[in-house]
Asker: 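Before we start, here is the structure in question, set down as structure tokens.
Lettering follows sequence order; numbering is per chain, from 1. Source: prediction; values computed, not measured.
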Amino acid sequence: MSEASIPVTTEIKFNIQVSNELTQNVKPLLHEIKHALDALIETGKTSIIDLRSIPLAPGEEDKILNTLGQGEVMAQLNTLGLSEVTETQYAGVWLVTHYNDEGNIISRFIEVTTMPVILCSQTEDILSAYSRITEILE
Amino acid sequence: MTNSSTKDKSLKEKTLGEVMRSQGVSRRSFLKFCAATASMMAMSPAMIPKIAHALESARRPSVIWLSFQECTGCTESLTRAHTATVESLIFDYISLDYHHTLQAAAGHAAEEAREAAMKENFGKYLLVVDGSIPLGNPGYSTIAGISNYDMLMETAKGAAAIIAVGTCATYGGIPHANPNPTGAVSVGELIKDKPIINVPGCPPIPVVITGVLTHYLTFGTIPELDHLGRPKVFYGQSIHDRCYRRPFYDKGLFAETFDDEGAKKGWCLYKLGCKGPTTYNACATTKWNDGTSFPIEAGHPCLGCSEPDFWDGGGFYKALSMPTENITQTAVYTAAGAVAAGLALGAMNKRKKNSAVAAHNKTTTDDLEK
């Protein structure tokens with residue numbers, strides 16, 4: 001068979017499976033956030049939702065994130081790869097995204113709290129800091 | 001914080017918390033590690049503080065990994081685990097004393113490493129096995145002149161627990177497929193006196209392998225298992241129940257061929273042979289390739305690779321059974337009704353699959369062209 005006789009397809013069609021009829025999990029999740037916010041107001045109880053534990057179709061996570069939007073706080077943490085902590089446009093609702101060294105998302109949580117714990121200075125680190133600063137001053 | 005007492009300890013004596021601090025890993029990073037671990041192990045985020053506390057005080061276990069009749073796909077999968085930072089910490093933390101694909105030592109030195117690890121850690125080491133064991137003729141698969149059977153039985157004696165990784169080690173896999181020329185059997189068929197965790201899949205999802213290892217490290221126990229010895233956190237629900245295409249199934253919307261309108265719209269692949277309803281695995285939520293996608297999302301039916309005898313299941317592209325009009329009708333009822341119908345169909349599918357296995361139906365080129 002000569003090379004010329006091999007049919008060559010130049011047009012590549014991608015089968016992108018996005019539809020309006022998806023898992024229907026977006027709205028219940030937003031309601032869960034509302035209830036968590038209510039609990040924070042009423043009792044001070046904090047909540048964490050693992051976005052990886054919920055079946056979501058392509059595009060649905062973006063839909064949730066777009067709905068929550070961007071608020072006043074954006075923090076980047078250099079902790080075994082990057083982490084991003086942002087407050088959404090709904091005060092008290094935070095998005096915490098952890099990346100690995102290669103920049104891939106390894107986990108993503110919605111935290112309903114006044115401040116995600118990972119943003120606070122940790123007791124062990126403060127003790128270590130005290131030792132180090134004492135050492136350099138000796 | 002590093003103090004003099006932890007400085008004096010050998011790596012094996014240190015707890016994970018001490019190892020991390022001595023490597024300059026901050027508490028904040030450790031919390032991130034624990035959060036990723038909870039997510040990876042499909043645990044509630046409420047478990048994060050408990051995981052942190054348990055890992056803080058856990059000690060470095062010896063792990064011996066034996067590879068028998070296998071294709072190395074399971075190791076390939078594991079070494080491509082996408083939560084690279086977390087996994088590398090786990091591998092820093094466990095002492096992988098024998099793995100003939102990954103270790104630098106070869107020949108006698110490698111076997112000596114296995115024997116030394118067994119002796120030093122007798123009763124305490126974790127044994128990981130991938131590949132099936134040929135009973136037909138030991139010559140089908142040997143390592144350093146030792147038959148797979150002898151090596152398994154010898155190494156299993158001092159193991160605290162055994163993790164069978166991949167469908168070959170858990171159910172015999174492809175070597176066990178009809179007519180099973182090597183007489184391949186699974187680990188569970190040979191070892192009856194040790195706790196065995198089955199982690200099937202061809203290959204298993206990388207983070208499922210590391211998740212099971214992490215669970216053991218974290219709690220020092222084996223996770224809750226289903227009737228096939230699989231951890232329920234990863235294998236507790238069917239692909240079908242967690243599939244984002246499930247709403248199409250409930251509405252009776254199916255792709256009939258790989259390039260029809262239904263396929264383009266991303267409808268359910270049930271009629272194209274999807275084994276999602278009878279397959280229990282975490283693909284639909286954990287996904288593959290850095291959490292990018294999974295076979296159904298890429299437009300291909302699930303093959304059911306984490307189920308026993310999936311290779312002899314009667315054709316990858318044959319529908320398990322045709323949904324009836326009643327199923328379609330269910331969509332107009334409540335979600336609970338839809339789930340009940342799904343369960344009934346699941347039972348029907350199980351029967352169909354079992355009868356296909358009994359009849360030893362094989363995939364033919366006709367099936368592939370359907």
Asker: May I ask you to test the A/Gln122-B/Leu31 pair for a side-chain heavy-atom distance under 4.5 Å?
Answerer: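 Counting from C-beta outward, A/Gln122 and B/Leu31 do come under 4.5 Å.
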
Asker: If you round to the nearest 0.5 Å, how far is CD1 of A/Ile106 from CZ of B/Phe33?
Answerer: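 It comes to 9.5 Å.
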
Asker: Just by modelled atom types, is the A/Ser121 backbone N or O under 3.5 Å from a matching donor or acceptor in the B/Arg27 side chain?
Answerer: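 Here the side-chain-to-backbone pair does not exist.
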
Asker: Check each atom of A/Leu119 against the heavy atoms of chain B and say whether the ones under 4.5 Å are side chain, backbone, both or neither.
Answerer: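 The backbone, not the side chain.
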
Asker: How long is the gap from OG on B/Ser39 to CZ on A/Arg108, to the nearest 0.5 Å?
Answerer: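 Separation between the atoms: 11.5 Å.
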
Asker: Could you state the interatomic distance from CD1 (B/Ile48) to OG (A/Ser107), rounded to the nearest 0.5 Å?
Answerer: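 That separation rounds to 8.0 Å.
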
Asker: More than 12 foreign heavy atoms under 6.0 Å from CD1 of A/Ile41: is that the case here?
Answerer: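 Yes - once you tally the heavy atoms of other residues, nucleotides and ligands closer than 6.0 Å, there are more than 12.
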
Asker: Other residues, nucleotides and ligands only: do more than 12 of their heavy atoms fall within 6.0 Å of CZ on B/Phe219?
Answerer: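 Yes - once you tally the heavy atoms of other residues, nucleotides and ligands closer than 6.0 Å, there are more than 12.
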
Asker: Find the distance between OG (B/Ser26) and CG (A/Leu80) and round it off to the nearest 0.5 Å.
Answerer: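 It is 7.0 Å, given to the nearest 0.5 Å.
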
Asker: Whether the side chain of B/Lys32 engages the backbone of A/Tyr99 through a donor-acceptor N/O pair (distance < 3.5 Å, no angle test) should be reported.
Answerer: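 Checking the backbone N and O of A/Tyr99 against the side chain of B/Lys32, a donor-acceptor pair under 3.5 Å is found.
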
Asker: Heavy-atom distances under 4.5 Å only: say whether B/Ala284 touches chain A with side chain, backbone, both or neither.
Answerer: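 For B/Ala284, neither part sits under 4.5 Å from chain A.
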
Asker: Between B/Arg28 and A/Asp125, does the side-chain contact (heavy atoms from CB on, under 4.5 Å) criterion hold? Intermediate values first, please.
Answerer: CA-CA 8 Å; B/Arg28 201 182 257 132; A/Asp125 294 341; 4.1 Å; yes

